[in-house]
Amino acid sequence: MGEVDPAFIQDPEHRPKLSIIEADGVPLIDLSPLTSADSISDPKAIEVLVREIGNACKNWGFFQVINHGVPLEMREKVETTARKFFAQPLEEKRKIRRDEKCVVGYYDTEHTKNVRDWKEVYDFLVEEPTLVPSSTEPDDKEETQWFNQWPENPPELREVMEDYSQEVEKLSLKLMGLIALSLGLPEDRFKGYFKDQTSFIRLNHYPPCPSPELALGVGRHKDGGALTVLAQDEVGGLEVKRKTDGEWIRVRPTPNAYIINVGDVIQVWSNDKYESVEHRVMVNSEKERFSVPFFLNPAHYTEVKPLVELTNKQNPAKYTHYSWGKFLTLRKLSNFKKLKAENIQIYHFKVSG
């Protein structure tokens with residue numbers, strides 16, 4: 001990617017500032033009470049942890065976790081393998097290019113808010129096959145299956161990614177348990193929604209960009225699923241919109257930490273107690289950057305709506321229900337065409353009060 005093609009250029013009001021505000025504010029949470037052997041005997045430590053996670057979800061929508069139980073060597077293998085994959089010639093990567101028929105695989109023309117992102121990606125599904133609706137039509141009850149496209153090279157990629165996805169899935173479900181407790185719900189309240197999950201993992205590669213003040217690696221957006229668990233390298237670039245003042249804040253990379261953010265589905269389940277927060281990725285003129293998000297998504301047949309336990313006369317449901325599968329299918333298909341209107345968002349289901 002040489003000079004910046006106009007397709008990448010953000011509107012002036014959305015262009016990144018090159019002066020960075022680094023956040024000490026994004027909470028860093030130690031999960032060792034969960035992962036250490038004696039955690040069962042220390043309910044106090046778990047209580048503190050639940051409170052920390054509740055505060056982070058409420059005040060930031062983002063937090064980092066350390067001592068999370070995912071082995072460091074596994075993460076290093078994932079990054080090494082991702083670097084090998086992206087270092088291949090474009091025609092090699094495009095052999096597994098995703099399209100409307102096969103929505104996962106390699107892609108280098110992703111758009112966010114109708115502006116092209118300065119990155120290339122490789123996506124794969126956690127469950128294979130993944131069951132989804134066969135169309136976006138509300139009355140069509142037919143299902144179809146999505147399958148992964150694995151590259152020939154590097155040959156170890158499939159095994160490395162499948163091993164990794166099991167570990168990150170375990171971590172994400174533990175976090176969902178803590179989030180449930182922080183909302184005053186039983187720890188396993190969310191578990192059933194992920195039985196036939198539609199989760200996926202993405203390998204992101206952001207090449208150096210000659211004009212980092214004009215383009216973004218990913219434009220401003222919120223994550224549509226339940227929870228995102230992100231591994232990023234030491235280069236950094238993720239920015240979060242601070243809830244208190246709307247300022248863009250850089251999340252400083254913490255070695256071997258994961259960055260966690262609440263998605264739209266949790267916002268609706270919690271009836272806006274926890275909000276999904278806008279974030280974006282800045283690019284760098286000298287260094288390439290790699291990141292690996294795990295997107296935890298419920299089963300396609302989930303009807304997403306505020307949980308009964310969290311609504312009452314004083315706090316009525318702020319959303320009508322919507323089909324997660326139809327929402328996801330619409331989002332995935334929108335990757336392949338420039339939309340005339342804004343993509344589907346949860347506020348389209350907001351109850352007018």
Side-chain angles (χ1 to χ4, degrees), residues 26-36 39-40 42-43 45-72 74-75 78 126-127 163-195 197-202 222-232 238 240 251 253-254 256-271 273-277 279 291-299 302 304 307 309-310 324:
V26 175
L28 184 65
I29 298 174
D30 185 347
L31 294 184
S32 47
L34 270 195
T35 48
S36 63
S39 65
I40 290 93
D42 195 1
I46 299 286
E47 237 172 78
V48 170
L49 190 53
V50 167
R51 202 163 43 244
E52 282 186 298
I53 283 192
N55 288 337
C57 289
K58 202 157 131 233
N59 301 329
W60 279 92
F62 265 82
F63 53 97
Q64 298 195 65
V65 294
I66 51 171
N67 298 319
H68 41 66
V70 179
L72 176 59
M74 193 173 254
R75 263 182 75 160
V78 167
V126 172
E127 298 269 322
D163 289 350
Y164 177 72
S165 73
Q166 285 180 354
E167 288 297 321
V168 191
E169 183 190 337
K170 268 191 259 175
L171 170 61
S172 64
L173 292 173
K174 272 186 204 159
L175 290 166
M176 288 303 293
L178 294 169
I179 289 169
L181 290 169
S182 76
L183 289 163
L185 302 165
E187 188 174 357
D188 63 357
R189 178 63 178 88
F190 296 120
K191 205 174 166 192
Y193 293 117
F194 301 102
K195 187 175 148 294
Q197 60 181 330
T198 53
S199 308
F200 68 98
I201 290 184
R202 168 168 290 173
K222 297 178 178 190
D223 291 347
L227 197 72
T228 304
V229 178
L230 174 81
Q232 67 165 353
L238 176 68
V240 176
V251 182
T254 301
N256 195 25
Y258 278 103
I259 298 167
I260 315 295
N261 67 283
V262 165
D264 290 344
V265 169
I266 287 182
Q267 178 166 336
V268 175
W269 278 340
S270 73
N271 206 32
K273 184 163 184 189
Y274 297 161
E275 276 177 57
S276 170
V277 170
H279 49 289
S291 73
V292 184
F294 172 99
F295 297 101
L296 180 70
N297 293 335
T302 305
V304 182
L307 299 178
E309 306 95 307
L310 301 179
W324 167 251

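Rounded to the nearest 0.5 angstrom, L227 CG and F295 CZ are separated by 11.0 Å. Atom CG of L230 is separated from atom CD of Q64 by 9.5 Å, given to the nearest 0.5 angstrom.
Taking a 6.0 Å sphere around NZ of K222, one finds it holds more than 12 heavy atoms contributed by other residues, nucleotides or ligands. Counting non-hydrogen atoms of neighbouring residues, nucleotides and ligands closer than 6.0 angstrom, the CD atom of E275 exceeds 12 such neighbours.
By the 4.5 Å heavy-atom criterion applied to side chains, N297 and T302 are not counted as neighbours. In this structure, the side chains of M176 and I266 come closer than 4.5 Å at one or more pairs of heavy atoms. You'll find the side chain of N261 stays beyond 4.5 Å of the side chain of V277, heavy atoms only. Using a 4.5 Å cut-off on side-chain heavy atoms (C-beta onward), D42 and P33 make no contact. When side chains are defined from C-beta on, L178 counts as touching L31, because their heavy atoms get closer than 4.5 Å. For the pair Y274 and S182, the minimum side-chain heavy-atom distance is below 4.5 Å. The closest side-chain heavy-atom distance from F63 to N55 is not below 4.5 Å. Between L307 and N271 the shortest side-chain heavy-atom distance does not fall below 4.5 Å.
Of the possible polar contacts, none joining the D223 side chain to the G225 backbone as a donor-acceptor pair under 3.5 Å is found. For the pair R189 (side chain) and G184 (backbone), a donor-acceptor distance under 3.5 Å is absent. Counting only distance, with no hydrogens or angles, the side chain of E127 and the backbone of Q197 share no donor-acceptor pair below 3.5 Å. Not one N or O on the side chain of N67 forms a donor-acceptor pair closer than 3.5 Å with the backbone of S32. Judged by distance alone, with hydrogens and angles left aside, the side-chain atoms of T228 form no donor-acceptor pair with the main-chain N or O of I260 at under 3.5 Å. Between the side chain of T198 and the main chain of P298, a donor-acceptor pair closer than 3.5 Å is present. Put simply, the side chain of H68 never gets that close to the backbone of V168: no donor and acceptor are under 3.5 Å apart.
Here Y193 and W324 keep their ring centres 6.0 angstrom or further from each other.
Pairing each heavy atom of E187 with each of A180, the nearest pair is O-CB, 3.9 Å. Here the closest non-hydrogen pair linking V251 and Q232 is O-NE2, 3.5 Å. Looking at every heavy atom in both residues, E169 comes nearest to F294 through CA-CZ, 3.8 Å.
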CA sep, side-chain torsions, deciding dist, call: D264, V268, side-chain contact (heavy atoms from CB on, under 4.5 Å): CA-CA 6 Å; D264 290 344; V268 175; 5.6 Å; no
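In this structure, W269 and F190 have parallel ring planes: the angle between them is below the 30° cut-off, well short of the 60° mark.
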